[in-house]
> 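Have a look at the structure that comes next, please.
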Amino acid sequence: MSTMKTLHNTDTAPDNSGTVRRAFIKSLPVMAGYIVLGTGFGILAYSKGLGLIWPVLMSIFIYAGSMQYVAVGLLSSGAGFITLALTALAVNARHLLYGISMLDKYKDSGRKKPYLVFSLTDETYSLLVREDENKRNNNPGFYLLVSLFDQCYWVLGSIIGVAAGRFIPINTKGIDFSLTALFITVAVDQWCEGKKHWPAIAGALSAVICRLIFGPDSFLIPTMLAIVIVLSAPDIFERIRSRRRKGAGNE
């Protein structure tokens, strides 16, 4: 009887080692990019006078990818708190859309939820948003591990970059474009695999139009607002039509 009970417990126990392995394998494409990009950030931050510790702390407690690159330039130029806050809001506004689409996945995550929300970067989102087809991976524990692995890669890259900037003379010209290159790569991949291309087209057109209207120094916030409005408009109109149909039916 005890043997049967032991076998039953073994069969139903969570496969923690298997989950860790699957999460690590899932995160490998991000590792290839984040160590390189984190290294670039560390080199750039050290070259701008942020020292040895601050770049690593930024990667641990801010962990904002593109915003970290932008913050280096703002901090080195003496930008004020209001400028930093508004820029961070504009650069990371896209995460509002990411978060909405992850509500169902994260709803039962309990104490894991704060970190899952904090660590939802573009690349982590691209890994987790399509996990519905694999039930073994469709759980908060798997999401947590993928998110944690991804941040560890970024922090490791930052440490390598700071060390390289400290001991190796490096020309940092063009390093800040590396994250833009990653965004282009992700966008091309989403375009090739996705069936609906109009959101990407709407985003690109919004950026071009706002740049022409507001100029290269002030177009970012209007672009983000325009993208939110354009992407939200179909759903808003559909709800309005649905309410009108219900009202007409009640009459």
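All values below were derived from every heavy atom in this structure, side-chain atoms included, with hydrogens, water molecules and symmetry-related copies excluded.
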> Is the backbone N or O of F41 less than 3.5 Å from a side-chain atom of Y69, with the two atoms forming a donor-acceptor pair by type?
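Yes; judged by distance alone, with no hydrogens or angles, the pair exists.
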> R241: what forms a salt bridge (Lys or Arg N to Asp or Glu O under 4.0 Å) with it, not counting sequence neighbours?
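Here the qualifying residues are E238.
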> Could I get the full list of side-chain hydrogen bond (donor to acceptor under 3.5 Å, both in side chains) partners for T223, not counting sequence neighbours?
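side-chain hydrogen bond (donor to acceptor under 3.5 Å, both in side chains) check on T223 returns nothing, list empty.
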> Please round to the nearest 0.5 Å and tell me the distance separating atom CG of L116 and atom CE of M102.
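The distance works out to 8.0 Å.
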> Does one side chain, of Y153 or E123, offer a donor that lies under 3.5 Å from an acceptor on the other?
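The answer is no; no qualifying pair exists.
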> Do W154 and F118 share a hydrophobic cluster, counting only Ile, Leu, Val, Met, Phe, Trp and Tyr and linking them when any side-chain heavy atoms are less than 4.5 Å apart?
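Linked within one cluster.
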> How far does CD1 of I60 sit from OG of S158, to the nearest 0.5 angstrom?
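So the gap between those two atoms works out to 8.5 Å.
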> Measure the OG-OH distance between S59 and Y34 for me, rounded to the nearest 0.5 Å.
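OH of Y34 is found 11.0 Å from OG of S59.
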> Using the rule that two of Ile, Leu, Val, Met, Phe, Trp, Tyr join whenever any of their side-chain heavy atoms come within less than 4.5 Å, decide whether L103 and Y106 are in one cluster.
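In one cluster with L103: Y106, no.
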> Return yes if a side-chain donor-acceptor contact under 3.5 Å exists between S101 and Y125, otherwise no.
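Distance-only check passes for S101 and Y125.
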> Looking only at non-hydrogen atoms, find the nearest pair between P222 and F214 and report the distance.
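Scanning both residues completely, I find the closest heavy atoms to be CB-CE1, 3.5 Å.
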> Could you go through the side-chain contact (heavy atoms from CB on, under 4.5 Å) check for R22 and V146 one step at a time?
CA-CA 9 Å; R22 292 195 301 273; V146 172; over 6 Å; no
> Using side-chain hydrogen bond (donor to acceptor under 3.5 Å, both in side chains) as the criterion, list what pairs up with S109, not counting sequence neighbours.
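Residues passing side-chain hydrogen bond (donor to acceptor under 3.5 Å, both in side chains) with S109: none at all.
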> Given 3.5 Å as the limit, does a donor-acceptor pair link the side chain of T39 with the main chain of I35, or not?
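A pair under 3.5 Å: yes.
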> To the nearest 0.5 Å, what is the distance between CG on D150 and CG on L127?
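Answer for the CG-CG pair, D150 versus L127, is 6.0 Å.
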> Starting at OH of Y115, measure out to CG of L144 and round the result to the nearest 0.5 Å.
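These two atoms lie 7.0 Å from each other.
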> Among the clusters formed by ILVMFWY side chains lying less than 4.5 Å apart, do L28 and L148 turn up in the same one?
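Same cluster: L28 reaches L148 through Ile, Leu, Val, Met, Phe, Trp or Tyr contacts under 4.5 Å.
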> Shared ILVMFWY cluster between V155 and F61, side chains joined below 4.5 angstrom?
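In one cluster: yes.
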> From M58 CE over to M67 CE, what is the distance, rounded to the nearest 0.5 angstrom?
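Here the rounded value is 8.0 Å.
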